[in-house]
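The chains referred to below are lettered A, B, ... by the order of the sequence lines, with proteins before strands, and numbering in each begins at 1.
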There are 2 protein chains.
Amino acid sequence: MSTPKPPVRPPGERTRTRRPGRPSGDGRDQRERLLDAALAHYADHGVAASRLRAIATAAGVTPAMISYYFGGKAALLEAVIEERLLPVVGEIRGHLEGRDNDAGALVEGFVGGMHATIERHPWLPRLWVREVLSEGGALRELLVNRIAEQIPRRLAAAFAQAQQSGRLNPDLDPRLLVVSLVGLTLFPLAAAPLWQQVFDSDDLDTTALQHHTLALLTRGLETDHAP
Amino acid sequence: MSTPKPPVRPPGERTRTRRPGRPSGDGRDQRERLLDAALAHYADHGVAASRLRAIATAAGVTPAMISYYFGGKAALLEAVIEERLLPVVGEIRGHLEGRDNDAGALVEGFVGGMHATIERHPWLPRLWVREVLSEGGALRELLVNRIAEQIPRRLAAAFAQAQQSGRLNPDLDPRLLVVSLVGLTLFPLAAAPLWQQVFDSDDLDTTALQHHTLALLTRGLETDHAP
DNA sequence: CCAATATTTAAATGCGCGGTTAATTAATTT
DNA sequence: AAATTAATTAACCGCGCATTTAAATATTGG
């Protein structure tokens, strides 16, 4: 009987002074904060491994708020896709606009656009590796159904046309060139923390990477045109 | 009292006729089968998401066998690393032997060796994406501590030397070239199911990919040397 | 100023996980 | 052939998760 129930309040974490009830004014953007916290957790730990408790805590609310605003785990993911992911996909697509008839310009636009987009949204490569590249990823369906037509298939078609008119290395495969482009942009940026650790260097910034990538794409390993 | 305890045996799954007790002869390789099942599950679902129950079921035993043979979840991973993963790393390294002073031969050896190794061990790219590339992956430490010196740093050093003696495109970064090589081999092979779905084609086999990759690496996008 | 409504928390619920234990049977040793 | 050891299963335990419910508090509308 010594402790009937004094709010045991574990001293760690954050000051849990909030009692139930509608708050006074201040917090009107709980929904937005939840979306941001969810996106960050998805990128850092993967969608499946993201705990609603952790997302809610990061947003400064209780997990029940996720049910209240979205309806559940699956609906939260859906909302993140619609309101956070798809706008960024549109941004990437925008960097290709009006370059459809020049393979070189298209490649430059893709490489540059990808770097620019990731500069603004650093979570993108991590999320992509976990949820698109990995089989069973939560965003794979999204890529295949809603993005494939807008970006990769469009690029491949443009490359095929350039190749037919003799303006692209005929030993390449237009579709695989799209894969190579992703492997030379999204992949190295996703792996940046890894190779910085492997090569023990921070001096290799994304500008250097962009330079290197364009050099490799245009000339390959060769030292020069005229030996 | 109508059902005192008739072995309720749920009719689905597999015939669970096995009663407790040491089996008669046949199954002497349970440990090996558990290692294989664990590796497969790691590649398919990720290490963290692999349930001991599922691994045990796939190996045809009960989860308690994992405790019996290995001691627990962590020890099982350790055994898979030592007895399944590291031998394959050695195999990859073998493909580079004796080519250290020729950047071109090194690149060819890496691309060809990677394709050959993955042909024999198709789980490799999937596992690598999930557990090395992704932050927080269970095999990242392994790469940094035990593999980095044997493969990536060695390649980078050889490329730097070739570049200094004028036998490699001077606009490239030797270390980033290693990253590019991985992005043009391991990555496309890991993503194969994805781009086969995106481009709606199975005709792009790994031979075509190898051809394309070497073409891109040697000449880049250019149509030819002498225009 | 009172009733209805919106927003929030704490607590309860139920399920599935990793790991362990006791019992059971075969093989091996003496 | 008896005793010991090895291999195996079923059943159990406690924990952490997503979700639901009830209560509490503020805002809004009449």
Side-chain angles (χ1 to χ4, degrees), chain A residues 3-10 13-34 37-38 41-42 45-79 138, chain B residues 3-10 13-34 37-38 41-42 45-79 138:
Chain A
T3 46
K5 216 160 274 177
V8 194
R9 204 160 339 138
E13 308 274 322
R14 60 173 55 199
T15 12
R16 271 246 164 273
T17 15
R18 193 65 155 297
R19 301 206 319 290
R22 185 170 179 162
S24 33
D26 66 307
R28 188 73 321 112
D29 43 3
Q30 308 282 59
R31 212 188 104 100
E32 296 298 308
R33 297 223 312 283
L34 275 171
H41 265 79
Y42 291 164
H45 312 290
V47 171
S50 288
R51 309 300 165 192
L52 293 189
R53 265 180 167 72
I55 294 173
T57 303
V61 298
T62 53
M65 296 303 297
I66 293 174
S67 280
Y68 182 73
Y69 278 115
F70 303 98
K73 204 182 161 102
L76 173 63
L77 172 61
E78 206 55 42
Chain B
T3 45
K5 217 161 273 176
V8 192
R9 198 149 359 125
E13 309 273 322
R14 59 173 55 197
T15 13
R16 272 246 164 274
T17 15
R18 194 65 156 298
R19 300 207 317 294
R22 185 168 178 162
S24 32
D26 66 306
R28 186 74 321 111
D29 40 4
Q30 310 282 59
R31 210 187 106 101
E32 296 298 309
R33 297 224 313 283
L34 276 170
H41 264 78
Y42 291 165
H45 313 290
V47 172
S50 288
R51 309 299 166 194
L52 293 188
R53 269 179 162 76
I55 294 172
T57 303
V61 298
T62 53
M65 296 304 297
I66 293 175
S67 279
Y68 183 73
Y69 278 116
F70 302 96
K73 202 182 161 103
L76 173 62
L77 172 62
E78 208 54 42

Separation of [X] atom [atom1] from [N] atom [atom2], in whole Å?
X       : N      : atom1 : atom2 : answer
B:Leu52 : C:dT20 : CG    : C1'   : 13 Å
A:Lys73 : C:dG16 : NZ    : C1'   : 13 Å
B:Arg51 : D:dG16 : CZ    : C1'   : 12 Å
B:Ile55 : C:dG19 : CD1   : P     : 11 Å
A:His45 : D:dC17 : NE2   : P     : 12 Å
B:Phe70 : D:dA7  : CZ    : C1'   : 14 Å
A:Ile66 : C:dA10 : CD1   : C1'   : 16 Å
B:His41 : C:dC17 : NE2   : C1'   : 14 Å

The side chain of [X] lies closest to which of these nucleotides: [options]?
X       : options               : answer
A:Thr62 : D:dT8, C:dT9, C:dG19  : C:dT9
B:Arg53 : D:dT9, C:dC17, C:dT8  : C:dC17
B:Tyr68 : C:dT8, D:dC17, D:dA6  : D:dA6
A:Pro63 : D:dT19, C:dC17, D:dT9 : D:dT19
A:Ser67 : C:dG18, D:dT19, D:dT9 : D:dT19
B:Ala64 : D:dT8, D:dA18, D:dT9  : D:dT9
A:Tyr69 : D:dT19, C:dT8, D:dT8  : C:dT8

Start with the C-alpha distance between B:Arg31 and B:Leu34, add both sets of side-chain angles, then the distance that settles side chain to side chain contact (heavy atoms under 4.5 Å, CB included), and finish with yes or no.
CA-CA 5 Å; B:Arg31 210 187 106 101; B:Leu34 276 170; 5.8 Å; no

Is there a side-chain contact between A:Ile55 and A:Tyr42, using heavy atoms and a 4.5 Å cut-off?
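They are in contact (side-chain heavy atoms under 4.5 Å apart), so the answer is yes.
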
Is any side-chain heavy atom of A:Gln30 less than 4.5 Å from a side-chain heavy atom of A:Tyr68?
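With C-beta onward as the side chain, the pair stays apart.
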
Begin from the C-alpha positions of A:Ile66 and A:Val61 and carry the test side chain to side chain contact (heavy atoms under 4.5 Å, CB included) through to its verdict.
CA-CA 9 Å; A:Ile66 293 174; A:Val61 298; 5.9 Å; no

Examine D:dA7: is either OP1 or OP2 under 4.0 Å from a nitrogen or oxygen in the side chain of B:Gln30? Give yes or no.
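No, no such contact exists.
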
Checking A:Ser67 side chain against A:Gly72 main chain: does a donor-acceptor pair fall under 3.5 Å?
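It does not hold such a pair.
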
